[in-house]
Amino acid sequence: MADLAATGWIESLGVRTPGLASVSAPVRSDDGIIAAVCLAMPIARVASSPGKDYGDLAVLAAQKISETMTKAN
């Protein structure tokens with residue numbers, strides 16, 4: 001969770017599935033983390049790391065979902 005606090009995302013390289021990489025960012029509400037945006041890709045398509053390549057985009061998508069949910073309530 002220290003990585004999440006520092007970057008806003010968490011990445012995985014072949015941990016659950018060999019050859020698969022992912023980056024995830026939390027969707028938050030007043031109740032805390034309620035979901036996540038996860039981008040998964042073959043490791044062969046990762047240039048630097050999943051987080052460095054796509055982490056900011058995952059965070060932005062998660063924030064937009066959070067904002068939309070807040071406006072809807």
Side-chain angles (χ1 to χ4, degrees):
M1 290 306 225
D3 290 342
L4 178 60
T7 62
W9 46 261
I10 294 176
E11 67 180 359
S12 172
L13 286 154
V15 174
R16 291 183 182 218
T17 305
L20 187 67
S22 67
V23 59
S24 301
V27 175
R28 301 176 189 269
S29 75
D30 291 337
D31 297 323
I33 296 173
I34 57 167
V37 170
C38 178
L39 302 175
M41 73 269 336
I43 289 176
R45 293 194 180 170
V46 175
S48 179
S49 78
K52 289 179 183 175
D53 293 351
Y54 304 106
D56 290 342
L57 293 173
V59 169
L60 181 61
Q63 288 172 340
K64 287 186 177 191
I65 293 168
S66 296
E67 291 167 6
T68 300
M69 290 177 58
T70 299
K71 289 178 186 176
N73 292 327

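The basis for the numbers below is simple: all heavy atoms, side chains too, and nothing from hydrogens, waters or symmetry mates. Numbering starts at 1 and runs along the sequence shown.
- Pairing each heavy atom of Ala40 with each of Leu20, the nearest pair is CB-CD1, 4.2 Å.
- Side-chain contact between Val27 and Met69 is present, with at least one heavy-atom pair separated by less than 4.5 Å.
- The shortest side-chain heavy-atom distance between Tyr54 and Met41 falls under the 4.5 Å cut-off.
- Without hydrogens or angle criteria, Ser49 side chain to Lys52 main chain gives a donor-acceptor distance under 3.5 Å.
- Using a 4.5 Å heavy-atom cutoff, the side chains of Pro50 and Ser22 are not in contact.
- Between Pro26 and Leu4 the shortest side-chain heavy-atom distance falls below 4.5 Å.
- Nearest heavy atoms, Val59 versus Thr7: CG2-O, 4.4 Å.
- Not one N or O on the side chain of Asp53 forms a donor-acceptor pair closer than 3.5 Å with the backbone of Val46.
- The same ILVMFWY cluster, assembled from side-chain heavy atoms under 4.5 Å apart, contains both Leu57 and Trp9.
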Begin from the C-alpha positions of Val23 and Ile10 and carry the test side chain to side chain contact (heavy atoms under 4.5 Å, CB included) through to its verdict.
-> CA-CA 6 Å; Val23 59; Ile10 294 176; over 6 Å; no
